[in-house]
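Some notes on the structure that comes next.
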Amino acid sequence: MSLKIDGNTKVIVQGITGKEGGFHALRCLEYGTNIVAGVTPGRGGQIFNDSIKVYDSMKEAAVETGANTSLIFVPAPFAPDAILEAIYSGIKTVICITEGIPVNEMIKIYKIANDLGVTLIGPNCPGLINPSEKCKIGIMPGDIFMPGRIGVVSRSGTLTYEAVDQLTKSGIGQSLCVGIGGDPIVGTTFINVLDYFIKDEETDGIVFIGEIGGTKEQEAAEYLINVKNTKPIAALIVGASAPEGKRMGHAGAVISGDSGKAESKINALKEAGCEIVTHPGQISSTLKKII
């Protein structure tokens, strides 16, 4: 799995002629992302933004452009097929923004992507951004990011923006920011991103943002202990006041047992050596204490 993105990353936008796909494709282009094509079935031959050719299929677009990455803005009923089309076209990194893909579909897609060595980010995620390389593949507001040496990983898109805004205003730049998505089944986990940050020579510290539901945060904590991580990590877990059994925003943010509660996650991350952020407004100040 590779999370490296830069000026050599060639991106195809699936759903580029739609309202959301077109809007965010333009924002990515303005930021500096190398978008080489778009795909919308039935719209092949059209030109987006006076320069980007639209194709009917991913296979045709990938062969003609040599693209290695796909950004998906396809409605939920068609998104599973869009992900698989990208994978079977030889695309090695797929970022799916789409929300509402059924869990049973994602279970199948997760296995296929994993078996074929494809990096799948999302679904229901904001994407990822490398401020130093001016490469943004997703929906995040590029103007709040600043080049630097702090990695950010989060289940929440909005809290990613909050964390980055605090960091930038404090003069702390970011090396890479990844929103893994808030669904129960996502292609890239906390462990995958933490592994990248820990090995990355351009990353000196990490901001980790989790939430209630599931056990992904505890699994991440166990991983940090096993690898004997020494990089400073400021960790925030949100949802401490959420009632049991009630979905809170994300499809995966449901407390269905003690392991899904904020307290269990916080305790696990403490044991792993993380500095706990006690309030969303204190992400930057907490990180500054440990870097």
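The basis for the numbers below is simple: all heavy atoms, side chains too, and nothing from hydrogens, waters or symmetry mates. Sequential numbering from 1 along the given sequence is applied to the chain's residues.
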Kindly list each side-chain donor-acceptor pair under 3.5 angstrom involving residues 36-51, sequence neighbours excluded, with atom names and distances?
| residue | atom | partner | partner atom | Å |
| --- | --- | --- | --- | --- |
| T40 | OG1 | T17 | OG1 | 2.9 |
| S51 | OG | N49 | O | 3.4 |

Pair listing, ring pair (Phe, Tyr, Trp, His ring centres under 6.0 Å) test, anchored in residues 8-34, at least two apart: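 Non-adjacent pairs meeting ring pair (Phe, Tyr, Trp, His ring centres under 6.0 Å): H24-F73.
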
I need the full list of salt bridge (Lys or Arg N to Asp or Glu O under 4.0 Å) pairs touching [range], with sequence neighbours left out, sorted by first then second residue.
{"range": "residues 58-68", "value": "K53-E64"}
{"range": "residues 30-39", "value": "R27-E30"}
{"range": "residues 189-203", "value": "R149-E202, D195-K199"}

Please report the shortest heavy-atom distance between [X] and [Y], naming the atom on each side.
{"X": "S89", "Y": "A62", "answer": "O-CB, 3.8 Å"}
{"X": "T93", "Y": "I91", "answer": "O-CG2, 3.3 Å"}
{"X": "G157", "Y": "P126", "answer": "CA-CG, 3.7 Å"}
{"X": "I180", "Y": "R155", "answer": "CD1-CG, 3.9 Å"}
{"X": "C135", "Y": "I5", "answer": "O-CD1, 3.5 Å"}
{"X": "K4", "Y": "T9", "answer": "O-OG1, 4.3 Å"}

Check whether [X] and [Y] end up in the same hydrophobic cluster, where Ile, Leu, Val, Met, Phe, Trp and Tyr are linked by side-chain heavy atoms less than 4.5 Å apart.
{"X": "I198", "Y": "L3", "value": "yes"}
{"X": "V63", "Y": "I52", "value": "no"}
{"X": "L128", "Y": "L29", "value": "yes"}
{"X": "I266", "Y": "I225", "value": "no"}
{"X": "V186", "Y": "I112", "value": "no"}

Can you measure from [atom1] ([X]) to [atom2] ([Y]) and round to the nearest 0.5 angstrom?
{"X": "S156", "Y": "Y161", "atom1": "OG", "atom2": "OH", "result": "8.5 Å"}
{"X": "T65", "Y": "K10", "atom1": "OG1", "atom2": "NZ", "result": "7.0 Å"}
{"X": "I172", "Y": "I283", "atom1": "CD1", "atom2": "CD1", "result": "11.5 Å"}
{"X": "S175", "Y": "N130", "atom1": "OG", "atom2": "CG", "result": "7.5 Å"}
{"X": "C96", "Y": "I101", "atom1": "SG", "atom2": "CD1", "result": "4.0 Å"}
{"X": "I291", "Y": "T286", "atom1": "CD1", "atom2": "OG1", "result": "11.0 Å"}

Within the 3.5 Å criterion, strictly below it, is a donor on [X] or [Y] matched to an acceptor on the partner's side chain?
{"X": "E162", "Y": "Q166", "answer": "yes"}
{"X": "N192", "Y": "T189", "answer": "yes"}
{"X": "E211", "Y": "S154", "answer": "no"}

Donor-acceptor pair, side chain of [X] and main chain of [Y], under 3.5 angstrom:
{"X": "K92", "Y": "N68", "result": "no"}
{"X": "K265", "Y": "V238", "result": "no"}
{"X": "Q174", "Y": "M146", "result": "yes"}
{"X": "T33", "Y": "C28", "result": "yes"}
{"X": "T119", "Y": "S2", "result": "yes"}

Which residue in the set L167, V164, I129, T160 passes side chain to side chain contact (heavy atoms under 4.5 Å, CB included) when paired with I144?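 Of all the options given, the one that passes is V164.
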
Would you say E105 has more than 12 foreign heavy atoms packed within less than 6.0 Å of its CD?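 Count over threshold, so yes.
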
With C125, which residues qualify under side chain to side chain contact (heavy atoms under 4.5 Å, CB included), at least two apart?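 Per chain and number, C125 pairs via side chain to side chain contact (heavy atoms under 4.5 Å, CB included) with I95, I97, I121.
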
Show, in sequence, the C-alpha distance, side-chain angles and deciding distance for V178 and Y196, and conclude whether the side chain to side chain contact (heavy atoms under 4.5 Å, CB included) test is met. CA-CA 11 Å; V178 184; Y196 176 87; over 6 Å; no

Is there side-chain contact between [X] and [Y], with heavy atoms separated by less than 4.5 Å?
{"X": "I12", "Y": "Y55", "answer": "no"}
{"X": "I206", "Y": "L194", "answer": "yes"}
{"X": "M106", "Y": "L120", "answer": "yes"}
{"X": "S170", "Y": "K288", "answer": "yes"}

May I have the list of side-chain donor-acceptor pairs in residues 78-88 shorter than 3.5 Å, sequence neighbours left out?
| residue | atom | partner | partner atom | Å |
| --- | --- | --- | --- | --- |
| E85 | OE2 | M58 | N | 2.8 |

Residue pairs passing the side-chain hydrogen bond (donor to acceptor under 3.5 Å, both in side chains) test where at least one lies in residues 108-118, sequence neighbours excluded: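 Residue pairs with at least one partner in residues 108-118: K111-D115.
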
For residues 268-278, tabulate all N or O donor-acceptor pairs below 3.5 Å that involve a side-chain atom, not counting sequence neighbours.
| residue | atom | partner | partner atom | Å |
| --- | --- | --- | --- | --- |
| T278 | OG1 | Q282 | OE1 | 2.9 |

For F190, all residues meeting ring pair (Phe, Tyr, Trp, His ring centres under 6.0 Å), sequence neighbours excluded: F208

So, using salt bridge (Lys or Arg N to Asp or Glu O under 4.0 Å) as the criterion, who are the partners of D143 when residues are at least two apart?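 In terms of salt bridge (Lys or Arg N to Asp or Glu O under 4.0 Å), with neighbours along the sequence ignored, D143 is linked to no residue.
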
Can you name the residues that form a salt bridge (Lys or Arg N to Asp or Glu O under 4.0 Å) with K134, not counting sequence neighbours?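 For K134, no residue satisfies salt bridge (Lys or Arg N to Asp or Glu O under 4.0 Å) once neighbours in sequence are set aside.
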
